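Small disclaimer: the values here were computed from a predicted structure and weren't measured.
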Amino acid sequence: MMSYSSVNHRRVPRTLSHLPIQLSFGSQIMVQGQLKDISLKSAFVCMKGNIYMQPHDEVSFAIQRSLDSAEALVEGWARISRIADGEGIAIYFTQMDNDSLSRLKELVG
């Protein structure tokens, strides 16, 4: 019998990543985090605190793929799908422009 932890139940494979990500809640609150993993549909963001966040909250995000170029940003909108206390949050992407989608595809490989 195979244990649950050894089976990948995800439909979309994830790529490990440690890039910085910025989440914005409205126009007032910005939170910095670091990606743990990412796919074409979602990501897990490591962060120290998750104050003001609830599942299903909508956030804007910006992933900095390169410190050298603003054109390297992957940005758009996402919803919080899960909060892991002390670890971070899982988000699923809801909207991004074609340029950001192309950059995300490059990032995920």
Side-chain angles (χ1 to χ4, degrees):
M1 182 174 177
M2 200 175 293
S3 72
Y4 179 79
S5 61
S6 65
V7 177
N8 184 352
H9 291 280
R10 299 185 191 280
R11 291 183 205 166
V12 180
R14 291 184 172 243
T15 301
L16 294 177
S17 177
H18 300 289
L19 294 172
I21 182 170
Q22 179 177 307
L23 302 174
S24 299
F25 302 84
S27 61
Q28 301 281 326
I29 302 171
M30 287 190 194
V31 178
Q32 297 289 331
Q34 185 177 33
L35 291 175
K36 178 180 178 185
D37 56 45
I38 189 167
S39 74
L40 290 176
K41 298 197 179 271
S42 60
F44 189 86
V45 180
C46 296
M47 52 192 355
K48 293 181 182 184
N50 53 20
I51 194 163
Y52 306 119
M53 292 181 248
Q54 297 292 322
H56 308 292
D57 281 353
E58 189 170 59
V59 299
S60 63
F61 68 89
I63 301 167
Q64 185 72 39
R65 295 187 327 146
S66 167
L67 298 176
D68 300 336
S69 172
E71 293 181 4
L73 281 177
V74 175
E75 53 191 344
W77 291 90
R79 287 200 189 271
I80 296 173
S81 58
R82 181 173 58 90
I83 297 174
D85 288 333
E87 293 181 52
I89 61 171
I91 60 173
Y92 64 93
F93 306 128
T94 57
Q95 182 180 359
M96 77 182 73
D97 64 29
N98 288 333
D99 289 340
S100 285
L101 183 57
S102 294
R103 292 181 193 120
L104 178 61
K105 287 178 180 178
E106 289 173 12
L107 179 62
V108 172

### Val31 side chain reached by Val59 side chain, heavy atoms, under 4.5 Å
no
Tightest non-hydrogen contact, residues Phe93 and Ala43, listed as CZ-CB, 4.0 Å
To the nearest 0.5 Å, atom NE2 of His18 lies from atom NZ of Lys36 at 9.5 Å
Residues at least two apart in sequence or cross-chain that pass ring pair (Phe, Tyr, Trp, His ring centres under 6.0 Å) with Phe44, listed by chain then number, are none
Hydrophobic cluster membership, Leu23 vs Ile29, 4.5 Å side-chain cutoff = yes
To the nearest 0.5 Å, atom CD1 of Ile91 lies from atom CZ of Arg82 at 12.0 Å
Here the gap from Ile63 atom CD1 to Arg103 atom CZ, rounded to the nearest 0.5 Å, amounts to 11.5 Å
So the side chain to side chain donor-acceptor pair (under 3.5 Å) pairs with at least one residue in residues 87-98 (sequence neighbours excluded) are Asp97-Ser100
Tightest non-hydrogen contact, residues Met53 and Ile83, listed as O-CD1, 3.4 Å
Derivation and outcome, side-chain contact (heavy atoms from CB on, under 4.5 Å), residues Val45 and Leu35 = CA-CA 5 Å; Val45 180; Leu35 291 175; 4.3 Å; yes
Within the distance-only criterion (no hydrogens, no angle test), does the side chain of Ser81 pair as donor or acceptor with the backbone N or O of Ala90 below 3.5 angstrom? yes
Distance col, row Leu107:CG vs Ser39:OG, nearest 0.5 angstrom, shows 10.5 Å
For residues Leu40 and Lys105, determine if any side-chain heavy atom of one lies less than 4.5 Å from a side-chain heavy atom of the other.
yes
Interatomic distance, CG@Leu104 vs CD1@Ile38, rounded to 0.5 Å, equals 5.0 Å
Next on the checklist: Please evaluate residues Asp57 and Arg79 with respect to the criterion side-chain contact (heavy atoms from CB on, under 4.5 Å), reporting the C-alpha separation (whole Å), side-chain torsions for both, the decisive distance (0.1 Å), and the verdict.
Outcome noted: CA-CA 5 Å; Asp57 281 353; Arg79 287 200 189 271; over 6 Å; no
Rounding to 0.5 Å, atoms CE (Met96) and CH2 (Trp77) come to a distance of 13.0 Å
